[in-house]
Amino acid sequence: MVNIVWFRRDFRLHDNTALWHAAKASGEGAVQPVFVFDDEILRHPDTGGAVVSFMLGCLESLREAFAASGVSMRFLHGPPSEQLPLFANAMGARAVYFNKDYHPAAIARDDEVTLALSRAGVEVRSFKDQVIYEERELLAASTGEAYTVYTPYARAWRAKLAAERDAQAGPKLWDAPKLRPFNVEPTLIRGLKLVDLYTTADLGFDPPPALSVPRGEAAARAMLRRWCSGPIKDYAQSRNFPADEDGTSKVSAHLRHGTLSPRQCVRAAMYVRGKSTAFSDGADKWIGELIWREFYQQILFNFPSVVDQPFKAKLANLKWRTDAADFQRWCDGMTGFPIVDAAMRQLNATGWMHNRLRMIVAMFLTKDLRIDYKLGERYFMQRLIDGETAQNNGGWQWSSSTGTDAQPYFRIFNPTSQSRKFDENGTFIRRWLPELSDVPLEFIHEPSAMTPEQQRANQCIIGRDYPVPVVDHQQARLETLAMFKE
DNA sequence: TTTAGATTGAG
DNA sequence: TCAATCTAA
Ligand SMILES: Cc1cc2nc3c(=O)[nH]c(=O)nc-3n(C[C@H](O)[C@H](O)[C@H](O)COP(=O)(O)OP(=O)(O)OC[C@H]3O[C@@H](n4cnc5c(N)ncnc54)[C@H](O)[C@@H]3O)c2cc1C
């Protein structure tokens, strides 16, 4: 008998919990991998060409990796609760295995699928896989409730990992399972929609013009290896400077699509940390970022209303501005604030943006333009190759002060001082704004401060070659403070 | 994962 | 005068 493994966002062979269990349970049997194209997701406004093209590249690699073991991966198109029971029937499968997803819509879908399969007499087994600690595994000791503040959550997370490692019971070091060749054609059943692996264009999307991260599990593993063998050492400092190409790992899209597991990342970081004290600061800090990821996954699971409501319920009725033209300027990187514009152009071109810049542009949209964070959140989902509700919503709510930020003061970045601090030499700005290439360093963060003569001398006329700033920051800051006061 | 404004002290 | 440092939000 064969066990089906339903892949959703876990496109790897190594350290894949559901795949490992399916292969083990199969014994003499085999594993049938499948992916389901679900129109509910494909037609959702949060779904964009960046994630779709990244995912399809990963699926192609996964299909090849299975093929190398003589296993044929199959693709279906339709509602999973309808297609999977038909497919299980067509394959004569005993069980369907999959890894859990914590988005409320995914939970609802998985409940539906589980019900439909059970009715059809097919066993369902689901697993924790995309996080190290899930759901309500970590609760605040004082209240017995889920954590809502990062710092105590991270402390508890690290303590639990340390305790489990000491007890040799930590995250399992599962490798790729041994796979038996399996290449059985599904019986043709009415309603079962077997399809070829689609291309991005087939699905009606455009990929980012300059995709910045190589796709697939092999590429992901190579990136992690390279990152942990060197650049991770300086992460505690380098992570804040967008001009530094090696300042961060850029594995986010791989964690998003499961071409890497969080266990592989933590394990690799712990390994180099143990080997040399020079790596310990960097590795610890980097694990801290992986914990941010788990923190937001846990927030999404325990507070699913964040999907359409502010985490701080009191702030549900903020009077955001609705200005389509300003929003468009922000999207296009035409605000007249170089650091914001360079960041948005990096996003539009490559599908990835540095964390420091995500904070700056999110803060700018919500607190300088006073536009609802939901608009920015959706735009990010459409453009990011790592676009994912938990972290994206968490990041947007944090930036717009509607979320889990625990600081006692109201956070408003000054885009120009952020620019001076984190792109001191204007290297990043110049990389993405060719129209500023002749502007001297003195004005690179604020070209509108040039006199008309200086503009002429530096080949950059404000209002012609580069936009006039869309807002006055000082003014906007006061208006935002007033808006939140109400 | 902060900022603006006040205070201080060197020149 | 200015930049470094402090502090309240
Ligand atoms: C407004 C906003 C929106 C964001 N949207 C997303 C998103 O859609 N998807 C996404 O994966 N991340 C998102 N982030 C978090 C973060 O910006 C990215 O994860 C990070 O820039 C990815 O680059 P990296 O892999 O080089 O990160 P590294 O610095 O190398 O960090 C390693 C990993 O830790 C996780 N991580 C790092 N920073 C954060 C963080 N602040 N919050 C949660 N997880 C983090 C990511 O999985 C990342 O791959 C968002 C942040 C903000 C402020």
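The figures here come from the full heavy-atom set of this structure, side chains too, leaving out hydrogens, waters and symmetry mates.
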Kindly say if [X] contacts the phosphate of [N], meaning a side-chain N or O under 4.0 Å from OP1 or OP2.
X	N	result
A/H473	B/dA4	yes
A/K421	B/dT3	yes
A/N414	B/dA4	yes
A/Q418	B/dT1	no

* **Is_stacked (A/Y409, B/dT2) at 5.5 Å, 30 deg** =>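 Here A/Y409 meets both the 5.5 Å and the 30° conditions.
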For [X] and [N], what is the distance between atoms [atom1] and [atom2] respectively, to the nearest whole Å?
X	N	atom1	atom2	result
A/I412	B/dG5	CD1	C1'	15 Å
A/Q407	B/dT3	CD	P	12 Å
A/I291	B/dT1	CD1	C1'	15 Å
A/F410	B/dT3	CZ	C1'	12 Å
A/Q475	B/dA4	CD	P	14 Å
A/R420	B/dA4	CZ	P	12 Å
A/D368	B/dT3	CG	C1'	13 Å
A/M359	B/dT3	CE	P	10 Å

* Asked: Side chains of A/R226 and A/D246: closer than 4.5 Å at any heavy-atom pair?
  ->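 SC-SC contact between A/R226 and A/D246 confirmed.
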* **Closest heavy-atom pair and its distance - A/P262, A/E294** =>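 Closest approach of A/P262 to A/E294, heavy atoms only: CB-OE2, 3.9 Å.
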* Is the charged tip of A/K160 near the ring of A/Y133: under 6.0 Å from the six-membered ring centre and within 45° of its axis? ->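 Geometry flag: set, cation within 6.0 Å and 45°.
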* To do: Give me the ring orientation class for A/F127 and A/Y97: parallel if the planes are under 30° apart, tilted from 30 to 60°, perpendicular past 60°.
  =>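 Parallel: the ring planes of A/F127 and A/Y97 meet at under 30°.
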